[in-house]
Amino acid sequence: MEKSNQFYDHLAYMEEIILLIKIGDFEYTEVWDGVFYKKLSNYPQISDWEIRTIIEFIEYENKYNRACSIECNDNDLLNLINEKVRQKELYLNISRPKLLTECTACPYRKGCVTDYICHTTSLDNAIKIFKSGKLLSACNARKVPIEQLMQEKRNAANDPADYFEYIMFAWGNCQAGDRLVMERELQRFTNEEDLSTYFKPGIRFYFKYDELIKHKDATFDGVLPIKIKDEIILKDWVYKIVIPTYLKSKIKDHIPSYLENKIIYIENDCKDIWDWSEKVYNIIESIKE
């Protein structure tokens, strides 16, 4: 059967955009400028969960017509990964561990605890979120062309257009969200003093992982715990909202009455961003409902 020109155009597009997956013993897992740096918790060993995330990354990128190529300095490991990726149906339903130890930046837990996830934002954005009753993707919240979002200085990682169509989440004890809020306020990367002496936490919207994965627009890209396309209705999904006490007077009048029972005010008496993240997560996981 003769294939259409559209088919060949699609193949050509796939050939032009190839993302590199690098497997190794990096500091942490991240996507930066078209490269997926996949840190293994016990390199050169790889867990079934880590295989699942690699498969999810490939599946997500293929959905947006981006092909992937895997590299690893250990040839035996590379061959094993390629073999398992070809058997993806065996790995896509692997249960997540309670603690992920790919990233050990957290000095308390030495990894990411996976019961809760959170989205962290600034005071100004939180006020807009309370007004609309929704968490919105950058595209929907900013209401500017995606091309403009891609070209902004804040897109230092050179993320593609579709990344701006999703609401991003981190694991609940992670400090990455607060760090990002500070970087956007300062318009530069943070330093040690920013994250300790001058640290000012943002506002965290917490969700139960096992509940949010049921959202009709839940997406798994192998990098983030989860992301949701377009929007999340707070009254239907949010678990708790953590607001630093120093912001209470500025935001309390903007909180809708139906969310008042979700609010937790926490005093920032912590020495740094990691201390704050641990304090907040201890409170979240101690709640009995």
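For reference, positions follow the sequence shown, starting with 1.
When atom types are taken as modelled, the side chain of Thr120 and the backbone of Ile203 share no donor-acceptor pair closer than 3.5 angstrom. Listed for the Asp275 side chain is a donor-acceptor partner under 3.5 Å among the backbone atoms of Lys271. At distances below 3.5 Å, at least one donor-acceptor pair connects side-chain atoms of Glu50 with backbone N or O atoms of Ser47. Under the 3.5 Å distance criterion, the side-chain polar atoms of Asp194 are matched with a main-chain donor or acceptor of Asn191. Proximity of a side-chain donor or acceptor of Lys279 to a complementary backbone N or O of Glu267 within less than 3.5 Å is detected. Judged by distance alone, with hydrogens and angles left aside, the side-chain atoms of Thr101 form no donor-acceptor pair with the main-chain N or O of Lys110 at under 3.5 Å. Judged by distance alone, the side chain of Arg109 and the main-chain N or O of Asn173 form no donor-acceptor pair under 3.5 Å. For Asp221 (side chain) and Leu224 (main-chain N/O), a donor-acceptor pair under 3.5 Å exists by modelled atom type. Here the side chain of Asn79 pairs a donor or acceptor atom with the backbone of Asn75 at under 3.5 angstrom.
Smallest separation of non-hydrogen atoms from His119 and Met168: ND1-O, 2.8 Å. Smallest separation of non-hydrogen atoms from Ile127 and His254: CG2-ND1, 3.6 Å. For the residue pair Cys72 and Leu77, the shortest heavy atom distance occurs at SG-CD2, 3.7 Å. Of all the heavy atoms in Asn268 and Pro201, the pair that sits closest is ND2-CD, 3.4 Å. In this structure, Cys174 and Ala170 approach most closely via the heavy-atom pair CB-CB, 4.1 Å.
Taking 4.5 Å as the limit, some side-chain heavy atom of Phe57 sits within range of a side-chain heavy atom of Cys68. Under the 4.5 Å side-chain criterion, counting only non-hydrogen atoms from C-beta, Phe164 is not in contact with Ser137. Between Pro160 and Arg66, the closest side-chain pair of non-hydrogen atoms falls below 4.5 Å. Using a 4.5 Å heavy-atom threshold, the side chains of Leu78 and Ile23 count as separate. Side chains of Leu149 and Asn155 form no contact here, defined as non-hydrogen atoms less than 4.5 Å apart.
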Query raised in the report: Between Ile46 and Ile54, does a side-chain contact (heavy atoms from CB on, under 4.5 Å) hold up when you go through it step by step?
Result: CA-CA 11 Å; Ile46 188 166; Ile54 292 169; 3.8 Å; yes
_Working note: Ile51 + Ile94, criterion side-chain contact (heavy atoms from CB on, under 4.5 Å); need CA distance, chi angles, decisive distance, verdict._
CA-CA 9 Å; Ile51 288 290; Ile94 293 294; over 6 Å; no
#### Entry: Residue pair Phe169, Phe205: steps toward the ring pair (Phe, Tyr, Trp, His ring centres under 6.0 Å) verdict
CA-CA 9 Å; Phe169 293 88; Phe205 292 80; 9.7 Å; no
If you apply the rule side-chain contact (heavy atoms from CB on, under 4.5 Å), what do you find for Phe220 with Leu92, and how did you get there? CA-CA 10 Å; Phe220 304 92; Leu92 284 174; over 6 Å; no
- Query: Can Trp49 and Leu100 be said to form a side-chain contact (heavy atoms from CB on, under 4.5 Å), step by step?
  - Reply: CA-CA 9 Å; Trp49 170 261; Leu100 299 176; 3.5 Å; yes
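In this model, no donor atom of one side chain and acceptor atom of the other lie less than 3.5 Å apart for Asp74 and Tyr43. With no hydrogens or angles considered, no side-chain donor-acceptor pair links Tyr246 and Lys200 at under 3.5 Å. At a cut-off of 3.5 Å, with distance as the only test, a side-chain donor of Arg204 or Ser277 sits close to an acceptor on the other residue.
Electrostatic pairing of Glu27 and Lys39 does not count as a salt bridge here, judged by no charged N lying under 4.0 Å from a carboxylate O. Between Asp115 and Lys98 there is a salt bridge, with a side-chain nitrogen of the basic residue lying less than 4.0 Å from a carboxylate oxygen of the acidic one. Salt bridge present: Arg96 and Asp210 bring a charged side-chain N and a carboxylate O closer than 4.0 Å.
Taking a 4.5 Å side-chain heavy-atom cut-off between Ile, Leu, Val, Met, Phe, Trp and Tyr, the cluster of Leu180 contains only that residue. Grouped by direct or indirect side-chain proximity (heavy atoms under 4.5 Å, Ile/Leu/Val/Met/Phe/Trp/Tyr only), Trp274 sits with Leu99, Tyr108, Val113, Tyr116, Met182, Leu186, Leu195, Phe199, Tyr206, Tyr239, Val242, Ile264, Ile266, Ile273, Trp276, Val280, Tyr281, Ile283, Ile284, Ile287.
Cation-pi check for Lys227 over Tyr163 is met; the charged atom lies under 6.0 angstrom from the ring centroid and within 45 degrees of its normal.
Atom NZ of Lys63 has more than 12 heavy atoms from other residues, nucleotides or ligands within 6.0 Å. Heavy atoms from other residues, nucleotides or ligands lying under 6.0 Å from CD of Gln187 number 12 at most.
Each of Glu56, Glu102, Glu71 was evaluated against Lys38; a single residue qualifies, Glu102, per the salt bridge (Lys or Arg N to Asp or Glu O under 4.0 Å) test.
Placement of Leu19 and Val85 within a single hydrophobic cluster is found when ILVMFWY residues are connected by side-chain heavy-atom separations under 4.5 Å, directly or transitively.
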